[in-house]
Amino acid sequence: MSKLWGGRFTKETNKLVEEFTASISFDQKLAKEDIAGSLAHVQMLGECGIIPLKDAETIKQGLLAIKERVDRGEVEFLVADEDIHMNIEKLLIEQIGPVGGKLHTGRSRNDQVATDMHLYLRTKTTELIKLIEDVQLSIIKQAKENIETLIPGYTHLQRAQPVSFAHHLMAYFWMFERDKERLLDSLKRINWLPLGSGALAGTTFPINREKVAELLGFETIYPNSMDAVSDRDFILEFLSIGSIIMTHISRLSEEMVLWSSQEFQFIELDDSFCTGSSIMPQKKNPDVPELLRGKTGRTYGNLIGLLTVLKGLPLAYNKDLQEDKEGMFDTVETLEGSLKLLAPMIETMTVHKEVMRKAINTDFSNATDIADYLVRKGLPFREAHEVIGKIVLYSIQSNKFLLDLTIEEYKQFSDLFEEDIYQVLAPEQVVAVRNSFGGTAPEQVKQQIQLAEQKLHK
């Protein structure tokens, strides 16, 4: 059978052109969506009297038969047929005869492919939201077990103040919560129907776009046909959100790499998420979080790639837009794989509480509390800050930590110090007194976890 659009041409397509311009190698992923859109379209054509109802039913049955073959993996898609739309249509004509050619009445591949991608991203976005919730549940599980576990909190990768390890982990819960909200909000724009816009100017046939929207579950119909066939904002938005999600995954992965190192030893990752060295038998490499960190770069590249494709395009459809799919598919697959690994990796990691506690006992992360102590006794904060700086310097020079100093040593720097300074400097007390909303005190962390669980159970 010749090409479905070949009537105007006198020569066959150059084989290199055929291979270069064909998209079937990747857009065959849209087979299910393409058939779903065609089923809604042909039902509308029949109900509107644009084609006979008998023909519409024949086409419907043909499409369902093709779907079954696709689901069973029995269909071989051909480069010669260019894309998923032409492949499906050719299969349909082979299945039911020339009546299959009526399916394309009142539509173009331009509005057809846009519809396929809206359907695809709607499904994938919903699935990704569930995968993010799985990660959030794993974070909550670890947090519940580590409310009283203390870990140095860092700024500039320098020990700053002790915090609850649960509090540290829950910071990522809220990052992923914002990611989830962004995905949910993006569904409002994904759920716009392009089908019925034709190539760019609409169609002369009396179609019912509202019916198609109802059948496919779209909430909004594009009011401008040129915008409908050329809009890829919804993919840009997805790629942007995906990049942010991978940023958060990468940050958590980096912490896991650091925490599991010999230098930190705060956690140990389960053997099932690590690999060994081909030459150094003692090694246990955190390959999974390292690769999660590395795959972030490809999601950024997919976003920048599509932004670059779109930046100079005039309206309406241009062949450049064929470059919108591979990056979208890749980001979807990267996110799916990353989130599926992240949840069990968090859940199965071993927390070395005693190592974390030892780290807190051998630093100056409780120094701020001395300043607060002096302020409460009437010393201006700036003066208190200077006093503490001198105490820390003295301690370093004396090879001591703040809890090692005697009261006499403290009084060398201020007469305001009393025996109660040791209670103030106890790590549990340092954490417990930060009892403001969102703080690291155990009471606040418990409330935070309750709030997080409420969010998940909405």
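Only a predicted model underlies this, so the values are computations on that prediction, with no experimental measurement involved.
With His118 as the partner, the ring-ring contact (aromatic ring centres under 6.0 Å, His included) test is satisfied by one option alone out of Trp192, Phe234, Phe238: Phe234. Applying side-chain hydrogen bond (donor to acceptor under 3.5 Å, both in side chains) to Arg109 and the options His104, Glu82, Glu89 leaves one that passes, Glu82.
Between Phe165 and Phe266, the ring center distance fails the sub-6.0 Å criterion. No close placement of the Phe264 and Trp259 rings is indicated, their centers lying 6.0 Å or farther apart.
Within the cation-pi definition used here (under 6.0 Å to the ring centroid, within 45° of the axis), Arg209 does not qualify as a partner of Phe218.
Atom NZ of Lys144 sits in a sparse spot, with 12 or fewer heavy atoms from other residues, nucleotides or ligands closer than 6.0 Å. Atom NZ of Lys400 sits in a crowded spot, with more than 12 heavy atoms from other residues, nucleotides or ligands closer than 6.0 Å.
A salt bridge between Glu336 and Lys124 is present, with a side-chain N of the basic residue lying under 4.0 Å from a carboxylate O of the acidic one. Between Lys284 and Asp271, at least one side-chain nitrogen of the basic residue sits less than 4.0 Å from a carboxylate oxygen of the acidic one, meeting the salt-bridge criterion. Remark: Arg382 does not engage Glu386 in a salt bridge, criterion side-chain N to carboxylate O under 4.0 Å. Between Arg182 and Asp185, none of the side-chain N atoms (NZ, or NE/NH1/NH2) sits under 4.0 Å from a carboxylate O, so this pair counts as no salt bridge. Between Lys180 and Glu177 there is a salt bridge, with a side-chain nitrogen of the basic residue lying less than 4.0 Å from a carboxylate oxygen of the acidic one.
Between His168 and Glu255, the side chains place a donor N or O and an acceptor N or O closer than 3.5 Å (distance only, hydrogens not considered).
Inter-residue side-chain proximity for Leu169 and Phe173 is flagged as unmet; no heavy-atom pair is nearer than 4.5 Å.
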Tabulate below the donor-acceptor pairs under 3.5 Å that side-chain atoms of residues 444-452 make, not counting sequence neighbours, or state none.
unit_1 : atom_1 : unit_2 : atom_2 : d
Gln444 : NE2    : Asn435 : O      : 2.9
Gln444 : NE2    : Asn435 : OD1    : 3.4
Gln448 : OE1    : Trp174 : NE1    : 2.9
Gln448 : NE2    : His167 : ND1    : 3.3

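The backbone N or O of Gln262 lies less than 3.5 Å from a partner atom in the side chain of Gln265, making a donor-acceptor pair. Between the side chain of Ser260 and the backbone N or O of Ile267, no donor-acceptor pair lies under 3.5 Å. Not one N or O on the side chain of Ser250 forms a donor-acceptor pair closer than 3.5 Å with the backbone of Met246.
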Evaluation steps, side chain to side chain donor-acceptor pair (under 3.5 Å), between Tyr394 and Gln412: CA-CA 11 Å; Tyr394 170 82; Gln412 291 176 26; 4.6 Å; no

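Checked against salt bridge (charged side-chain N to carboxylate O under 4.0 Å, His left out), Lys29 has the following partners two or more places apart in sequence or in another chain: Glu333. With sequence neighbours left out, the salt bridge (charged side-chain N to carboxylate O under 4.0 Å, His left out) criterion links Glu145 to no other residue.
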